[in-house]
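Letters go in sequence order (proteins before strands), and every chain restarts at 1.
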2 protein chains.
Amino acid sequence: MAYTIKDVAKKAGVSIATVSRVLNNQPGFSEKTKKKVQHVIEELGYEPNAVARGLINNKTHTIGVLFPELSSMLVTDFLNGIETMAHELGSSVIVCHTEADGEKTMKYLQLLNEKRIDGIIFVSAILKEEYYNYIRKMGIPMVLLSTESYSYPVPYVKVNDQHAAYSATKYLLNKGHKKIGMISGNKDDLIAGKPRIMGFEMALKDQGIAFTENNIIYSKGFGFQDGLDGMEKLMKQSPEISAIFAASDEIAFGALSFAYQHGIKIPDDVSIIGYDNLSIAEMAIPPLTTVGQPLIKMGKTAASMLFEMLESGNVFVENRILPHEILERETVREKR
Amino acid sequence: MAYTIKDVAKKAGVSIATVSRVLNNQPGFSEKTKKKVQHVIEELGYEPNAVARGLINNKTHTIGVLFPELSSMLVTDFLNGIETMAHELGSSVIVCHTEADGEKTMKYLQLLNEKRIDGIIFVSAILKEEYYNYIRKMGIPMVLLSTESYSYPVPYVKVNDQHAAYSATKYLLNKGHKKIGMISGNKDDLIAGKPRIMGFEMALKDQGIAFTENNIIYSKGFGFQDGLDGMEKLMKQSPEISAIFAASDEIAFGALSFAYQHGIKIPDDVSIIGYDNLSIAEMAIPPLTTVGQPLIKMGKTAASMLFEMLESGNVFVENRILPHEILERETVREKR
DNA sequence: CTCTTTTACGTAAACGTTTACGTTGGGTGG
DNA sequence: CCACCCAACGTAAACGTTTACGTAAAAGAG
């Protein structure tokens, strides 16, 4: 069994209060006893019990992160940013994957509540009323990452999806493309689906190009398979298209893959721009031009927002819209 | 402030001991008081404090996972498997990323020790003496994932790297290739580097083909850039090569990318087989033939081994060598 | 030198549980 | 009817800390 503060106190010939004081560097001890206590701590290899500390301080220095799925390629970077910042600020992170399932999410929330975590980062999923109410009752701060809530006052960090989609489309237009298609995500997804579609549509309209349902494919999700299927449909539906805006990098990979299988040359026959800038975007063949989100930065930002709330005690903090950026690589070609 | 067991006890008109008993379903209460207590619990929305429980039970139902880096594409799948199994068995997982830095690793271990986690999964890095001794002192079980220790008796789950590399090379030989090159990882890496090199070498020798230093490139790591550079060197060094064994999928992607940039047709000009079967392997262009590790399964296995040790109290449990598997896709072609 | 303040501690309660032990009351066997 | 047992509780200690409060000695003021 590990040593306790009592062992240290006894061996150093002081009370446990004194040991606690030097441990937390609180006033009330002489330089001499400090040395003595520290020496005993060193000697025994004593390390304080964070569980006991958590009990009395009502603080566990642990935060929870809820991902809808751990298989998405976004999570690596998000998690990376979150963990880095959290650790820098002295906290650990517990990961959960809810599989976008309401019941599982509630179970996780309950678990996190019982563990008395200090805060929650909720990633890439819609914040249902049930979740919000529960977390509210928990009385701990939360921030949304790569999602937002129209119904509840919860701070979030995101890029502006509509703007980013607008930028991507505009980029294609600037390259001289007129017939532009889109492989979108779910149009009923108000967070990542609809806004990107709207940005696409708006960019076309601003350029005086008619938006037609013929030029867009609505997928179920944002995955590779969606891109594969979407590309097939789009090519069949509107073969005259010269450029495509894919609503995610994974969709773009699917599109690239379909193109490869069917002898469509990218970017010679058709240009493609993705969305996300996953680390594998530059590994694609050809390297994927995409509108990038600062993923790691977003994770870090979410974490620091959470800690800001923890320290200040405020339940709210300013939202952060992080800038997107076009990464010019090799899947888009100038249209003569 | 959340309700405590006292609130429940008072409101139900019983002692806290009784509440605790119905909570943990321990004998010593009548059906009637059970109903009464449960009703109050429901009414107040009481949820037990896991921190207090952890203090008295010496069990936090939390495990720690140490990754060298969160950017590697392997972590997603490993983490997925670990988290799934851990959650199934009632535990949470804290992720750490050590950046393969000794000092940081020790800091993380100390943190995890203070948090009194139940066990540790140590992933894809060498277990230094310092780490081992510390964890040993912590007195909690640990298992190694995708790594092993020659010096210390720590159970691990891995695939047999040498066998897998042998299989990959053999596969190329069976396809009629005679001049085979390898882009390896670090040859001084006794875990993931050397064994794969040895498997490669052995397969060649078994087929009566001389192994020459000309046919192998030693990289620093297993990343994309290593593949990019490695491919360049290899093509310059041994242009007669018709097939390549890449020591990781990321290396293979780098090789693919280099080939694309320099007009080398895969698999027409040269065949490539990778190692890992990352989820993006099938998204590659062309889809990557590779020798796959059952990544999610490995994560799950590591977690269940850990819990087996926790339950049995044994400090050791049988190692698991999981089977690898050749995924035939489109980067290898039969040599006429 | 005396009185007051400050420093350097120690004592004990508190955090929210679990659990060993003690205490009832009703039931059973004889 | 008595002795006994067992089910159904309650009491209190324990887990390892932090911290309010008390106290003795040292330091400072006059």
Side-chain angles (χ1 to χ4, degrees), chain A residues 1-38 40-41 44-62 110-118 138-139, chain B residues 1-38 40-41 44-62 110-118 138-139:
Chain A
M1 195 59 62
Y3 292 109
T4 75
I5 202 173
K6 278 182 203 161
D7 301 316
V8 177
K10 190 175 296 178
K11 186 148 192 178
V14 298
S15 76
I16 60 171
T18 300
V19 177
S20 175
R21 277 188 273 258
V22 347
L23 235 32
N24 300 295
N25 207 28
Q26 244 137 7
F29 55 86
S30 69
E31 194 60 25
K32 200 168 60 181
T33 58
K34 175 178 174 180
K35 289 279 175 242
K36 192 168 53 182
V37 169
Q38 285 181 332
V40 174
I41 288 176
L44 294 182
Y46 164 78
E47 271 165 19
N49 184 328
V51 179
R53 280 181 161 174
L55 182 58
I56 197 162
N57 290 332
N58 251 333
K59 214 146 185 297
T60 51
H61 293 282
T62 306
Q110 185 179 337
L111 198 77
L112 293 174
N113 181 34
E114 293 188 0
K115 291 237 162 90
R116 300 297 194 262
I117 55 162
D118 299 334
M138 287 173 71
Chain B
M1 197 58 61
Y3 291 110
T4 75
I5 201 173
K6 277 183 205 162
D7 301 317
V8 177
K10 190 175 296 179
K11 186 148 194 178
V14 299
S15 77
I16 59 170
T18 300
V19 178
S20 174
R21 276 188 273 258
V22 347
L23 235 32
N24 300 295
N25 206 29
Q26 243 137 10
F29 55 86
S30 69
E31 195 60 26
K32 199 169 59 180
T33 59
K34 175 179 174 180
K35 289 278 176 247
K36 191 169 52 182
V37 168
Q38 285 182 332
V40 173
I41 287 176
L44 295 183
Y46 164 78
E47 271 165 19
N49 183 329
V51 179
R53 279 181 161 175
L55 182 58
I56 197 161
N57 290 332
N58 251 336
K59 214 146 183 297
T60 50
H61 292 281
T62 305
Q110 185 180 336
L111 199 76
L112 293 173
N113 181 35
E114 294 188 359
K115 291 237 162 92
R116 299 298 194 264
I117 56 162
D118 299 335
M138 287 172 71

Worked verdict on B:Tyr3 versus B:Ile41 for side-chain contact (heavy atoms from CB on, under 4.5 Å): CA-CA 9 Å; B:Tyr3 291 110; B:Ile41 287 176; over 6 Å; no
Residue of the set A:Ile16, A:Val22, A:Asn24, A:Thr18 for which side-chain contact (heavy atoms from CB on, under 4.5 Å) holds with A:Ser20: A:Asn24
Side chain proximity check, B:Thr4 to B:Asn49, heavy atoms < 4.5 angstrom: no
side-chain contact (heavy atoms from CB on, under 4.5 Å) assessment of B:Thr33 paired with B:Arg21: CA-CA 11 Å; B:Thr33 59; B:Arg21 276 188 273 258; over 6 Å; no
Side-chain N,O (A:Tyr3) to OP1/OP2 (D:dT17) below 4.0 Å: no
Nearest-Å distance for atom pair CG/P, residues B:Asn58 and D:dA14: 16 Å
Are there any protein N/O atoms within less than 3.5 Å of an N/O atom in nucleotides 6-13 of chain D, and if so, which ones and at what distance?
{"unit_1": "D:dC9", "atom_1": "OP2", "unit_2": "B:Ser30", "atom_2": "N", "d": "2.7"}
{"unit_1": "D:dC9", "atom_1": "OP2", "unit_2": "B:Ser30", "atom_2": "OG", "d": "2.6"}
{"unit_1": "D:dC9", "atom_1": "OP2", "unit_2": "B:Thr33", "atom_2": "OG1", "d": "2.9"}
{"unit_1": "D:dG10", "atom_1": "OP1", "unit_2": "B:Ser15", "atom_2": "N", "d": "3.4"}
{"unit_1": "D:dG10", "atom_1": "OP2", "unit_2": "B:Ser15", "atom_2": "N", "d": "2.6"}
{"unit_1": "D:dG10", "atom_1": "OP2", "unit_2": "B:Ser15", "atom_2": "OG", "d": "2.8"}
{"unit_1": "D:dG10", "atom_1": "OP2", "unit_2": "B:Thr18", "atom_2": "OG1", "d": "2.7"}
{"unit_1": "D:dG10", "atom_1": "N7", "unit_2": "B:Arg21", "atom_2": "NH2", "d": "2.8"}
{"unit_1": "D:dG10", "atom_1": "O6", "unit_2": "B:Arg21", "atom_2": "NH1", "d": "3.2"}
{"unit_1": "D:dG10", "atom_1": "O6", "unit_2": "B:Arg21", "atom_2": "NH2", "d": "3.3"}

Derivation and outcome, side-chain contact (heavy atoms from CB on, under 4.5 Å), residues B:Asn113 and B:Arg116: CA-CA 5 Å; B:Asn113 181 35; B:Arg116 299 298 194 264; 4.0 Å; yes
Sugar-phosphate, base or nothing in reach of A:Thr4, heavy atoms under 4.0 Å: sugar-phosphate
Under-4.0 Å side-chain N/O to phosphate OP1/OP2 contact, B:Ser20 with C:dT17: no
Under-4.0 Å side-chain N/O to phosphate OP1/OP2 contact, A:Asn24 with D:dT18: yes
Exam field: side chain B:Asn57 to backbone B:Lys59, donor-acceptor pair closer than 3.5 Å: no
Distance test, side-chain N/O of B:Arg53 to OP1/OP2 of C:dG16, below 4.0 Å: no
Difference in axis direction between the ends of the helix from C:dC1-D:dG30 to C:dG30-D:dC1, five pairs, 10°: 40°
side-chain N/O B:Gln26 vs C:dT18 OP1/OP2, d < 4.0 Å: no
Whichever of A:Asn57 and B:Ala52 has its nearest DNA chain D nucleotide further upstream toward 5': B:Ala52
A:Lys36 side-chain N/O to A:Gly13 backbone N/O, donor-acceptor pair under 3.5 Å: no
